[in-house]
Amino acid sequence: MKIFVTGGAGYIGTHTCVELIQAGHEVIVADNLCNSKKEALDKVTEITGKGIGFYEIDVTDEKEVEKIFKENQIDGVIHFAGLKAVGESVAKPLMYYYNNLVSTMVLAEACIRHKVGRFVFSSSATVYGDNTVPFREDMNLLPTTNPYGETKAMSERILTDAASANEGFGVTLLRYFNPVGAHESGLIGENPNGIPNNLMPFVTQVAKGKREYLSVFGNDYDTVDGTGVRDYIHVVDLAKGHVKAIEKLKEGVNVYNLGTGKGTSVLELVQAFEEGNGIKVPYEICPRRPGDIASCYADASKALDELGWTAEKDIMDMVKDSWKFENGLTE
Ligand code: NAD
Ligand code: UD1
């Protein structure tokens, strides 16, 4: 199939391009490079030996998107393009609502106009809010604590309504848990600008000596050791989930958790990192981070039953591949 990947130069997008190409699909990418570099796509070509059609455009721009649909016989869209920094979304809510919602609507409209029946959307486990773990796809969604999370819940709603109203337009909403790790080649991975918000990039930067110590946000949660529990998933497993999702996409609305089903606490992750890489990660216990929940992990059985997908890599693979990528960075 010919797959149009928006945000394909980003962290999850590049890994998904690799897996799509290796599964025999053709890929075209649109990205405005607001949080990525064109070189990341050159690395995808280096890994796969295949070129990628690239459009440097903003996918909120209806005219530019229309041009891409006219120039290409697209079979499916995977929509990664979006802004994702939770703190920034609180400071700049309109920027987040505009970018993340308008892009979704422009792309869905183009699919319906051009009779493209397969649309895969990057959602997040954040839409479950503070439900009881493990999170199941049929749970009622709860309010999130920030505009970023709301853009995910609203995009899900918009796409659900669009799929219900338009025969032949099928949508799969993928709720990611916590993507970490990097490609085994060490060529692509996550390299956030500025101070990382997320745990794994912060841990690798502390290990590298770029930061003095890790702040552990709270050790008084009702969890195994008091620190926050999350379902970390290797980005290559996540990418493979997208290949299955687009290949098996059924008409109507489909929702899947992409997680491992296993919870890991902050201190367990630090310990795994230290053991797997033979390097110390100094940390300090700090107050809770506002908006955090105690535990978040998936019931991952639906994706296995219906897509035949399950995560194959474990926490040791995640800490080792994250560290390998950090060490390959030149800056
Ligand atoms: P990323 O920032 O690395 O990738 C997103 C890409 O989209 C970037 O290359 C950026 O330049 C591009 N982009 C943003 N707005 C655009 C626009 N209007 N037009 C064109 N390109 C645009 O992020 P990621 O981690 O790869 O995340 C991909 C998607 O998955 C996002 O929608 C994100 O919200 C979602 N998601 C990510 C996580 C995570 O932890 N990484 C978790 C849940 C959901
Ligand atoms: C966060 C976002 C979520 C988003 C996801 C991926 C919030 C409230 N949630 O999820 O919406 O989809 O990132 O971008 O921001 N931790 C530390 N020290 C750190 C960093 C994190 O102790 O320096 C802890 C956190 O308290 C949490 C765990 O590590 O318990 C994971 O945090 P993080 O990687 O930021 O992911 P989430 O909070 O799950």
Side-chain angles (χ1 to χ4, degrees), residues 5-16 29-38 40-41 55-61 64-65 78-87 89-90 95-96 98-100 102-104 106-107 121-127 129 144-146 148-152 155 174-180 188-193 195-203 205-206 211 213-219 221 223 227-233 235 238-239 242 258 263-267 269-270 283-297:
V5 181
T6 77
Y11 173 47
I12 306 171
T14 44
H15 290 84
T16 302
V29 164
D31 200 301
N32 65 0
L33 306 180
C34 71
N35 196 37
S36 55
K37 297 198 179 84
K38 165 76 175 55
L41 289 173
Y55 295 86
E56 188 177 339
I57 61 138
D58 191 312
V59 293
T60 61
D61 186 331
E64 294 291 346
V65 168
I78 306 183
H79 179 32
F80 292 109
L83 300 173
K84 63 162 185 176
V86 170
S89 81
V90 176
M95 185 169 104
Y96 271 68
Y98 187 87
N99 193 71
N100 291 1
V102 175
S103 59
T104 300
V106 163
L107 289 158
F121 176 68
S122 298
S123 189
S124 165
T126 195
V127 298
T144 67
T145 52
N146 55 77
Y148 163 75
E150 290 307 296
T151 70
K152 292 299 174 192
S155 288
L174 296 179
R175 295 180 182 153
Y176 310 158
F177 282 70
N178 289 55
V180 296
I188 51 174
E190 188 175 29
N191 183 18
N193 295 327
I195 303 171
N197 295 307
N198 298 120
L199 180 61
M200 186 69 94
F202 208 102
V203 166
Q205 292 196 6
V206 170
R211 313 207 174 264
Y213 63 90
L214 168 73
S215 301
V216 175
F217 297 142
N219 68 346
Y221 287 108
T223 62
T227 65
V229 164
R230 296 293 182 270
D231 185 341
Y232 297 96
I233 175 166
V235 66
L238 191 72
H242 289 74
L258 293 185
T264 303
S265 75
V266 175
L267 291 182
L269 185 134
V270 167
Y283 66 84
E284 277 187 14
I285 305 295
C286 299
R288 292 181 178 194
R289 181 172 67 177
D292 272 357
I293 57 174
S295 293
C296 170
Y297 55 89

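Read the numbers this way: they start at 1 and go in the same order the structure lists the ligands and their atoms. Values in this document were obtained by computation on a predicted structure and should not be read as measured data.
If you check each of Val266, Asn197, Leu214 against atom 20 (C) of ligand 2, the one with the closest non-hydrogen atom is Asn197. By heavy-atom distance, the residue among Tyr148, Phe121, Tyr96, Tyr98 lying nearest atom 34 (O) of ligand 1 is Tyr148.
Applying the 4.0 Å criterion to heavy atoms of Ile57 picks out, from ligand 1, the atoms 19 (N), 20 (C). Distances below 4.0 Å separate heavy atoms of Leu33 from the following atoms of ligand 1: 11 (O). Atoms of ligand 2 found under 4.0 Å from any heavy atom of Val216, numbered from 1 in the order shown, are 22 (O). Within the listing of ligand 1, atoms 43 (C), 44 (C) sit less than 4.0 angstrom from a heavy atom of Ser124. The Ser122 neighbourhood of ligand 1 comprises atoms 29 (C), 30 (O), 32 (O), 35 (C), with distances under 4.0 Å to a heavy atom of that residue. Of all atoms in ligand 2, numbered sequentially from 1 with element shown, those under 4.0 Å from a heavy atom of Thr126 are 11 (O). Listed by number with element, the atoms of ligand 1 under 4.0 Å from a non-hydrogen atom of Asn99 are 15 (N), 17 (C), 18 (N).
Counting protein heavy atoms only, atom 26 (O) of ligand 2 is closest to Asp292 OD2, 2.6 Å. Among protein heavy atoms, atom 4 (O) of ligand 1 sits closest to Gly10 CA, 3.5 Å. With hydrogens left out, the protein atom closest to atom 22 (C) of ligand 1 is Asn32 OD1, 3.1 Å, a heavy atom. Taking atom 18 (N) of ligand 2 as the reference point, the nearest protein heavy-atom neighbour is Ser215 O, 2.7 Å. Scanning the protein for heavy atoms near atom 27 (C) of ligand 2, the closest one is Arg230 NH2, 3.7 Å. Protein heavy atom in closest approach to atom 38 (O) of ligand 2: Arg289 NH2, 2.8 Å. Among all non-hydrogen protein atoms, the one lying nearest atom 37 (C) of ligand 1 is Ile12 CD1, 3.8 Å. Among all protein heavy atoms, the one lying closest to atom 25 (O) of ligand 1 is Lys84 NZ, 2.8 Å. From the protein, the heavy atom lying nearest to atom 14 (C) of ligand 1 is Gly82 N, 3.4 Å. Nearest protein heavy-atom contact of atom 12 (O) of ligand 2 is Ser124 OG, 3.3 Å. The protein heavy-atom contact nearest to atom 10 (O) of ligand 2 is Asn178 ND2, 4.2 Å. At the shortest separation from atom 40 (O) of ligand 1 among protein heavy atoms lies Pro179 CD, 3.2 Å. The protein heavy atom nearest to atom 2 (O) of ligand 1 is Asn35 ND2, 2.7 Å. For atom 19 (N) of ligand 1, the closest heavy atom belonging to the protein is Val59 N, 2.9 Å. In terms of protein heavy-atom proximity, atom 19 (C) of ligand 2 is nearest to Phe217 CE1, 3.3 Å. Of all protein heavy atoms, the one lying nearest to atom 34 (O) of ligand 2 is Leu199 N, 2.8 Å.
Considering CZ of Arg230 and OG of Ser265, their distance stands at 11.0 Å, rounded to 0.5 Å. Rounded to the nearest 0.5 angstrom, Tyr96 OH and Glu150 CD are separated by 14.5 Å. Residue Thr126 holds its OG1 atom at 7.0 Å from OH of Tyr148, rounded to the nearest 0.5 Å. Atoms CG and CG, on Asn99 and Asn32 in that order, are 7.0 Å from each other to the nearest 0.5 Å. Note that the NZ atom of Lys37 and the OG1 atom of Thr14 stand 12.5 Å from one another [nearest 0.5 Å]. Of the inter-residue distances, the one linking Glu56 atom CD with Leu33 atom CG reads 4.5 Å to the nearest 0.5 angstrom.
Here's the thing with Tyr11: one of its N/O atoms is less than 3.5 angstrom from an N/O atom of ligand 1. Considering backbone and side-chain atoms alike, Cys34 places an N or O below 3.5 Å from some N or O of ligand 1. For ligand 1, the polar-atom distance check finds no N/O of Tyr176 at less than 3.5 Å from any of the ligand's N/O atoms. At under 3.5 Å, not a single nitrogen or oxygen of Phe177, backbone or side chain, sits near a nitrogen or oxygen of ligand 1. Distances between N or O atoms of Glu190 and those of ligand 1 include no value under 3.5 Å. Between Lys152 and ligand 1, an N or O atom pair is found at a separation short of 3.5 Å. At least one N/O-N/O distance between Asp31 and ligand 1 falls below 3.5 Å. Where the criterion is an N or O separation shorter than 3.5 Å, residue side chain and backbone included, Thr60 fails it with respect to ligand 1. Residue Ala81 has no nitrogen or oxygen atom sitting less than 3.5 Å from a nitrogen or oxygen atom of ligand 1, judged on distance alone. Checked by distance only, ligand 1 and Phe80 come closer than 3.5 Å through their nitrogen or oxygen atoms.
Here the side chain of Tyr11 pairs no donor or acceptor atom with the backbone of Ile188 at under 3.5 angstrom. Checked by atom type and distance alone, the side chain of Thr227 never pairs as donor or acceptor with a backbone atom of Asn219 at under 3.5 Å. The backbone N or O of His79 lies less than 3.5 Å from a partner atom in the side chain of Ser122, making a donor-acceptor pair. Remark: side-chain polar atoms of Tyr55 are not paired, donor with acceptor, to backbone N or O of Val65 under 3.5 angstrom. Formation of a donor-acceptor pair under 3.5 Å by the Thr144 side chain with backbone atoms of Asn146 is found in this model. Remark: the backbone N or O of Ala9 is paired with a side-chain donor or acceptor of Asp31 at under 3.5 angstrom.
Contact record, Asn197 with Arg289: O-NH1, 3.1 Å, taken as the closest heavy-atom pair. Between Ile233 and Phe177, the shortest heavy-atom distance links the atoms CG2-C, 4.4 Å. Residues Cys34 and Leu83 approach most closely at SG-CD2, 4.0 Å, considering heavy atoms. Residues Lys152 and Ser124 share a closest heavy-atom pair of CG-CB, 4.3 Å. Considering all non-hydrogen atoms of both residues, Val59 and Ala30 come closest at CG1-CB, 3.9 Å. Here the closest non-hydrogen pair linking Ile293 and Gly129 is CD1-O, 3.6 Å.
The side chain of Tyr232, and not its backbone, has at least one atom closer than 4.0 Å to an atom of ligand 2 (non-hydrogen atoms only; side chain from C-beta on). Within the 4.0 Å heavy-atom criterion, neither part of Tyr176 lies near ligand 2. Of the heavy atoms in Asn198, both backbone and side-chain atoms come closer than 4.0 Å to ligand 2.
Under the 6.0 Å cut-off for aromatic ring centres, Tyr176 and His242 qualify, their centroids lying closer than that.
In this structure, Ser123 has a heavy atom closer than 4.0 Å to ligand 1.
No option in Leu214, Val180, Val216 other than Leu214 meets the side-chain contact (heavy atoms from CB on, under 4.5 Å) test with Leu199.
The local environment of OH in Tyr283 is sparse, with at most 12 non-hydrogen atoms from other residues, nucleotides or ligands closer than 6.0 Å.
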